[in-house]
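Here the structure comes first, spelled out in structure tokens, and everything after it is commentary.
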Amino acid sequence: MTETTPATAPESTTEGSKRVLLAAPRGYCAGVDRAVVTVEKALELYGPPVYVRKQIVHNKHVVTTLEKRGAIFVEETDEVPEGATVVFSAHGVAPVVHEEAKALSLRTIDATCPLVTKVHREAVRFAGEDYDILLIGHEGHEEVVGTSGEAPEHITLVDGPDDVENVEVRDPEKVVWLSQTTLSVDETMETVRRLREKFPSLQDPPSDDICYATQNRQLAVKQMAAECDLMIVVGSRNSSNSVRLVEVALEHGSRDGHLVDYADEIDEGWLDGVQTVGVTSGASVPEVLVRDVVAFLADRGFGDVRPVVAAEESLLFSLPNEIRRDLKAKGLSDKMRHDGSSLADAGSLH
Ligand code: 2E4
Ligand code: SF4
């Protein structure tokens, strides 16, 4: 799925000089790009308002920008007027949500990331074979709610290593684990280790559920962290993968670490005595926000910016069928998805 290249090690720096290590990959993943462009194209095709169930992705800037263009974000399907268009967020929904939408005659566009859908399918398959499924994830997170909804009687949530002692299954010989896509890789491996201690016959998922984007962003942070006096992660508080990046940075040796939505949230005090600042961003974060952080740092003497490249990414998902069909009907191409006005028109710093 991804082509992984060896990390580019940061070059040595003159003693006393200030520098920024800029992680790559960072920011938008293929699933977020697809979800954000889906809302933009729905606004273009059908005109505002376009309703979106939950935040399309967990990013304040994305949500407020789309709101200004005519998207209306709701918590539940029953807040959408009968017959209107509703987009389901990238985090996925339980089957019951599709049924609710059908009952209200809503036009639905499903922006669930295909890699989340893959986990849903795994859940359906193992439930069909009557397994007990141990779903590792964060309680209450939308993705976990959606996946659990595929087979509620077969799925037990395991919220981290310390939750393992509470887990009970019907038949310890027929147990499989699955996971949320945006977890800490290391913590999940520890949860699995403890689960396997308890249930030696525990089966692994057919392929990694923690997605390529989550893994690559954590890998880049791990490669930089020990050299950083401060790690700034751009991302929102409710963005699981962004929060994980701060944790990973601190666990791997960064002396300090903070999550910010915008550059103006950076406390100048964080920079006291700091020589090396690491910068990265979560999978739901537009590149423009990283550019603002890099500019903020440059204004304060951190103009020397060095990329730390842990992997190359080139994955791109096609837009949902409904959008592709309607673009085609209007003679528009989904290949034109990154026009100048798009939130997904990330551009690149390095
Ligand atoms: C869908 C699945 O899951 P998280 O809170 O990290 O979501 P966010 O919207 O920040 O990131 C994109 C995404 C969407 C990740 N996985
Ligand atoms: Fe999909 Fe991974 Fe991006 Fe989530 S982080 S939207 S699972 S590609």
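Read the numbers this way: they start at 1 and go in the same order the structure lists the ligands and their atoms.
Residue contacts with ligand 1 for Glu143 involve side-chain atoms from C-beta outward but no N, CA, C or O (heavy atoms, distance under 4.0 Å). Only the backbone of Asn238 comes within 4.0 Å of ligand 1, judged by heavy-atom distances. Residue contacts with ligand 1 for Val57 involve both N, CA, C or O and side-chain atoms from C-beta outward (heavy atoms, distance under 4.0 Å).
When Arg237, Glu142, His91 are ranked by how near their heavy atoms come to atom 13 (C) of ligand 1, first place goes to His91. When the heavy-atom distances from atom 4 (P) of ligand 1 to Cys29, Ser240, Cys211, Gly92 are ranked, the shortest goes to Ser240. In this structure, of Gly31, Ala30, Cys113, Ala111, the residue bringing a heavy atom nearest to atom 1 (Fe) of ligand 2 is Cys113.
Within the cation-pi definition used here (under 6.0 Å to the ring centroid, within 45° of the axis), Arg196 does not qualify as a partner of Phe199.
No donor-acceptor pair under 3.5 Å is formed between the side chain of Ser254 and the backbone N or O of Leu250.
No path of Ile, Leu, Val, Met, Phe, Trp and Tyr side chains, each step under 4.5 Å between heavy atoms, connects Val62 with Ile72, placing them in separate hydrophobic clusters.
Salt bridge Arg291/Glu287: absent, no basic N to carboxylate O contact under 4.0 Å.
Annotation: atom 15 (C) of ligand 1 to nearest protein heavy atom, Thr182 CG2, 3.5 Å. In terms of protein heavy atoms, atom 3 (Fe) of ligand 2 is closest to Cys29 SG, 2.2 Å. For atom 10 (O) of ligand 1, the closest heavy atom belonging to the protein is Ser239 OG, 2.6 Å. Scanning the protein heavy atoms around atom 4 (Fe) of ligand 2, the nearest turns out to be Thr181 OG1, 3.9 Å. Among all protein heavy atoms, the one lying closest to atom 5 (S) of ligand 2 is Cys211 SG, 3.5 Å. Looking at atom 11 (O) of ligand 1, its nearest protein heavy atom turns out to be Asn241 ND2, 3.1 Å. Protein heavy atom nearest atom 9 (O) of ligand 1, with residue, atom name and distance: His58 N, 2.6 Å.
Each of the following atoms of ligand 1 lies closer than 4.0 Å to a heavy atom of Ala90: 1 (C), 14 (C). Atoms of ligand 1 found under 4.0 Å from any heavy atom of Thr181 (numbered from 1 in listed order, with element): 2 (C), 16 (N). Near Ser284, with a cut-off below 4.0 Å to any heavy atom, the atoms of ligand 1 are 8 (P), 9 (O), 10 (O), 11 (O). Atoms of ligand 1 found under 4.0 Å from any heavy atom of Val32, numbered from 1 in the order shown, are 12 (C).
Side-chain N/O atoms of Thr85 and Arg107 include a donor and acceptor closer than 3.5 Å. Between the side chains of Ser207 and Lys118, at least one donor-acceptor pair of N or O atoms lies under 3.5 Å.
A parallel orientation is assigned to the rings of His258 and Trp270, their planes being inclined by less than 30° (bins at 30° and 60°). Under the 30°/60° scheme for interplanar angles, the aromatic rings of His58 and His91 are found to lie parallel.
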Inset, instruction - For the pair Ile323 and Leu327, evaluate side-chain contact (heavy atoms from CB on, under 4.5 Å) and give the outcome as yes or no after the intermediate values. - result: CA-CA 6 Å; Ile323 294 283; Leu327 283 170; 3.7 Å; yes

Inset, instruction - With salt bridge (charged side-chain N to carboxylate O under 4.0 Å, His left out) as the test, would you mind laying out the steps for Asp186 and Lys222 before giving the verdict? - result: CA-CA 11 Å; Asp186 295 341; Lys222 285 180 191 175; 3.2 Å; yes

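Put simply, the residue from Lys60, His141, Gln55, Glu142 that forms a side chain to side chain donor-acceptor pair (under 3.5 Å) with Asn238 is Gln55.
Taking 4.0 Å as the cut-off, His141 counts as a neighbour of ligand 1 on heavy-atom distance.
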